[in-house]
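Reading through the structure tokens given below for one structure.
In what follows, chains are A, B, ... by sequence order, proteins preceding strands, each numbered from 1. All values below come from the heavy atoms of this structure, side chains included, with hydrogens, waters and symmetry mates left out.
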Protein chains: 2
Amino acid sequence: MALSGEDKSAIAKLSWQSRAFARDAYLIREGELSVLCTLLLAGFAFRQKLVSDGSRQIISFHIPGELLDVQNVLLDLADHNVQCLSRCTVAVVSRAQLLDLMGERPAIRRAIWLDSLIDSAVFREWVVNLGRRDAKQRIAHLLCELAARLKSSGNGEGEMYDFPFTQEQIADATGLTAVHTNRTLQTLRRDGLISLGMSKLTILDWEALADVGDFNERYLHHAV
Amino acid sequence: MALSGEDKSAIAKLSWQSRAFARDAYLIREGELSVLCTLLLAGFAFRQKLVSDGSRQIISFHIPGELLDVQNVLLDLADHNVQCLSRCTVAVVSRAQLLDLMGERPAIRRAIWLDSLIDSAVFREWVVNLGRRDAKQRIAHLLCELAARLKSSGNGEGEMYDFPFTQEQIADATGLTAVHTNRTLQTLRRDGLISLGMSKLTILDWEALADVGDFNERYLHHAV
DNA sequence: CGTTAATTTGAGACCATTCAATTTCGGTGG
DNA sequence: CCACCGAAATTGAATGGTCTCAAATTAACG
């Protein structure tokens with residue numbers, strides 16, 4: 001969304017600090033008040049929730065350039081965890097500062113709200129993915145989503161993307177076990193749809209992968 | 001969220017119209033521009049998306065008193081369908097009017113944004129429900145959520161609630177088949193947790209049902 | 001009171017899980 | 001630079017939860 005020069009300078013005037021986090025570090029914890037708002041400058045992160053038997057469901061992945069805490073900014077206590085997937089660098093501002101900025105600058109307010117609504121659209125698509133697709137479709141869909149977002153945010157060269165996800169994380173995002181995720185990835189490789197290894201994903205046949213995963217990028221709403 | 005008298009009168013000044021819809025009528029269609037914003041006055045509705053093989057995933061249910069189109073108000077084209085579950089009466093205002101009101105009145109803006117963030121929190125919980133819980137847990141969790149929301153919005157007498165959902169709809173919301181939903185509901189009845197029939201749900205043992213469904217209402221954020 | 005929708009029941013098939021063991025990868029220290 | 005280590009990926013076989021398909025029963029509606 002295009003912002004005016006004044007909006008941009010208002011953002012530049014924010015007092016923020018850069019912070020580094022290790023892999024697996026928590027940025028937000030369920031049950032705590034999140035008073036900070038963070039922008040992911042470098043590295044990957046994910047939202048996550050634990051269930052009674054101890055297993056974990058990943059709710060979304062986040063790539064460099066995305067806002068992480070908008071979902072919590074008006075809420076009392078966070079209802080989920082946000083965790084670093086790789087080493088991360090984030091820009092941090094206070095919740096109060098962000099809300100003030102939004103109060104003063106309608107275009108920024110709108111942009112941030114839009115961002116949170118696109119996050120919601122992704123959650124909805126994940127509900128569909130988990131509820132009505134089998135293993136092969138789920139994983140294909142997830143790979144399409146990540147590739148589409150990495151491409152449109154400028155992370156990636158051609159059809160090759162940084163891909164620091166473990167198979168266990170893919171499993172926790174798709175509602176599968178790591179074992180079955182492994183087997184399913186192998187069939188996607190065997191079918192010539194993807195190449196995956198050494199923290200790099202390459203989409204070899206985009207059209208076929210999107211077809212397998214029933215992927216339609218409308219729900220991303222041209223997210224940056 | 002408490003609104004001032006001025007805010008309330010600004011809302012009262014909106015030019016809205018009441019409309020009735022039949023069961024199964026579409027309020028929003030995927031791929032279309034939603035220029036209207038609706039408040040559900042009476043009846044139940046749900047969000048829904050279809051996948052390639054024609055099967056349907058329900059993404060959320062909505063009860064009287066809830067806003068339906070906030071998720072689409074800043075988006076170009078709707079990414080999902082919204083459909084009436086029972087006969088519905090809705091209040092309709094134009095998208096432009098709602099956005100104007102939000103521009104002028106910070107408290108209303110905040111309330112509506114909060115509403116959309118709580119919707120998101122529910123989507124996230126559904127991701128967890130579909131991804132990491134088995135059939136019995138999923139259905140118990142869904143029943144807890146609906147009961148909690150119906151209770152806090154004043155729809156319900158004691159532990160008995162209007163419950164116009166078919167088993168097929170519960171199946172499409174929990175990612176199961178209607179057949180397996182039927183068998184699972186029977187075990188919940190046999191265990192003495194619920195009583196269900198004639199469009200009425202009674203929670204016989206709230207604590208046990210919440211325990212089975214791993215239900216923690218924090219994610220509802222005391223939604224109205 | 002007839003007709004359609006919704007619920008219920010049964011049996012067999014299948015996708016994904018579980019559990020356990022093995023191999024490969026990535027990083028670290030000598 | 002190589003040996004080592006824990007993490008991650010891979011493989012196998014048996015189990016199980018859920019699905020599929022079909023039919024019967026019951027409830028809802030005009």
Side-chain angles (χ1 to χ4, degrees), chain A residues 22-24 44 46 51 53-58 84-87 129-143 162-190 194-201 212-213, chain B residues 22-24 44 46 51 53-58 83-87 129-143 162-190 194-201 212:
Chain A
R23 185 171 189 280
D24 291 338
F44 290 68
F46 60 95
V51 298
D53 71 352
S55 61
R56 171 179 78 165
Q57 177 65 39
I58 290 179
C84 293
L85 190 141
S86 56
R87 236 192 300 266
N129 207 35
L130 290 161
R132 283 288 177 251
R133 297 199 184 105
D134 67 20
K136 195 172 175 186
Q137 296 175 305
R138 285 185 211 179
I139 290 180
H141 190 282
L142 175 63
L143 297 180
D162 276 329
F163 202 80
F165 306 90
T166 67
Q167 293 184 3
E168 189 178 4
Q169 288 161 349
I170 297 173
D172 284 349
T174 50
L176 303 167
T177 58
V179 170
H180 198 58
T181 297
N182 179 280
R183 294 193 229 269
T184 307
L185 283 171
Q186 286 179 52
T187 74
L188 292 176
R189 279 192 278 241
R190 198 175 310 125
I194 62 168
S195 158
L196 180 56
M198 293 170 301
S199 295
K200 294 283 178 186
L201 167 70
V212 168
Chain B
R23 184 171 189 282
D24 291 338
F44 290 68
F46 60 94
V51 297
D53 71 352
S55 62
R56 171 179 79 166
Q57 177 64 40
I58 290 178
Q83 209 174 351
C84 294
L85 189 141
S86 58
R87 237 192 300 263
N129 207 34
L130 291 162
R132 284 287 176 250
R133 297 200 185 104
D134 67 19
K136 195 172 175 185
Q137 294 175 306
R138 285 185 211 180
I139 290 179
H141 190 282
L142 175 64
L143 297 180
D162 277 328
F163 202 80
F165 307 89
T166 67
Q167 294 186 1
E168 189 179 3
Q169 288 160 349
I170 297 172
D172 284 348
T174 50
L176 304 167
T177 59
V179 170
H180 198 60
T181 297
N182 178 280
R183 294 193 227 268
T184 306
L185 283 172
Q186 285 179 54
T187 76
L188 291 176
R189 277 192 279 241
R190 199 175 309 125
I194 62 168
S195 158
L196 180 56
M198 291 169 302
S199 296
K200 295 281 180 188
L201 166 71
V212 168

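Spacing between atom CZ of B:F163 and atom P of C:dT7 amounts to 10 Å, rounded to whole angstrom units. A:Q169 places its CD atom 12 Å from the C1' atom of D:dA7, with the value rounded to the nearest Å.
Contacts of B:A140 classified as side-chain contact (heavy atoms from CB on, under 4.5 Å), with partners at least two apart in sequence or in another chain: B:L209, B:V212. Annotation: side chain to side chain donor-acceptor pair (under 3.5 Å) contacts of B:D172 (sequence neighbours excluded): A:R132, B:R56.
Helix bend of the helix from C:dC1-D:dG30 to C:dG30-D:dC1: the angle between its two end axes, each built from five pairs, comes to 50° after rounding to 10°.
To the nearest 0.5 Å, atoms CG (A:L196) and CD (A:Q186) are separated by 11.0 Å. Distance check, rounded to the nearest 0.5 Å: CG of B:L201 to CG of B:D162 gives 10.0 Å. Annotation: the span from A:I139 atom CD1 to A:L176 atom CG amounts to 5.5 Å, rounded to 0.5 Å.
The residue from B:T184, B:T177, B:T181, B:N182 that alone fulfils the side-chain hydrogen bond (donor to acceptor under 3.5 Å, both in side chains) condition with B:Q167 is B:N182.
Across every non-hydrogen atom of B:A22 and B:C84, the tightest pair is O-CB, 3.5 Å.
With A:Q57 contributing its side chain and A:A173 its backbone, the two residues share a donor-acceptor pair below 3.5 Å. Between the B:Q83 side chain and the B:D24 main chain, a donor and an acceptor come within less than 3.5 Å of each other. A donor-acceptor pair under 3.5 Å links the side-chain atoms of B:R138 to the main chain of B:T174, judged by distance alone.
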Could you pull out the protein-nucleic contacts involving nucleotides 8-13 of chain D (nitrogen or oxygen on both sides, under 3.5 Å)?
unit_1: D:dA8; atom_1: OP1; unit_2: A:R23; atom_2: NH2; d: 3.0
unit_1: D:dA9; atom_1: OP2; unit_2: A:Q167; atom_2: N; d: 2.8
unit_1: D:dT10; atom_1: OP1; unit_2: A:R189; atom_2: NH2; d: 3.3
unit_1: D:dT10; atom_1: OP2; unit_2: A:Q167; atom_2: NE2; d: 2.6
unit_1: D:dT10; atom_1: OP2; unit_2: A:N182; atom_2: ND2; d: 2.6
unit_1: D:dT10; atom_1: OP2; unit_2: A:R189; atom_2: NH2; d: 3.2
unit_1: D:dT10; atom_1: O5'; unit_2: A:N182; atom_2: ND2; d: 3.1
unit_1: D:dT11; atom_1: OP2; unit_2: A:Q186; atom_2: OE1; d: 2.4
unit_1: D:dT11; atom_1: OP2; unit_2: A:Q186; atom_2: NE2; d: 2.9
unit_1: D:dG12; atom_1: N7; unit_2: A:R183; atom_2: NH1; d: 3.2
unit_1: D:dG12; atom_1: O6; unit_2: A:R183; atom_2: NH2; d: 3.2
unit_1: D:dA13; atom_1: N6; unit_2: A:R183; atom_2: NH2; d: 3.0

Hey, what are the protein-to-nucleotides 14-16 of chain C N/O distances that come in under 3.5 Å?
unit_1: C:dA16; atom_1: OP1; unit_2: A:A135; atom_2: N; d: 2.8
unit_1: C:dA16; atom_1: OP2; unit_2: A:H180; atom_2: NE2; d: 3.2
unit_1: C:dA16; atom_1: O5'; unit_2: A:H180; atom_2: NE2; d: 3.4

Is there any protein nitrogen or oxygen under 3.5 Å from a nitrogen or oxygen in nucleotides 25-30 of chain D, and what are the pairs?
none

Quiz prompt | Derivation of the ring-ring contact (aromatic ring centres under 6.0 Å, His included) call for B:F165 and B:F44 | solution = CA-CA 9 Å; B:F165 307 89; B:F44 290 68; 5.5 Å; yes
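A heavy-atom distance below 4.5 Å is found between the side chains of B:R189 and B:I194. Looking at A:P164 and A:L85, their side chains come closer than 4.5 Å, going by heavy atoms from C-beta outward.
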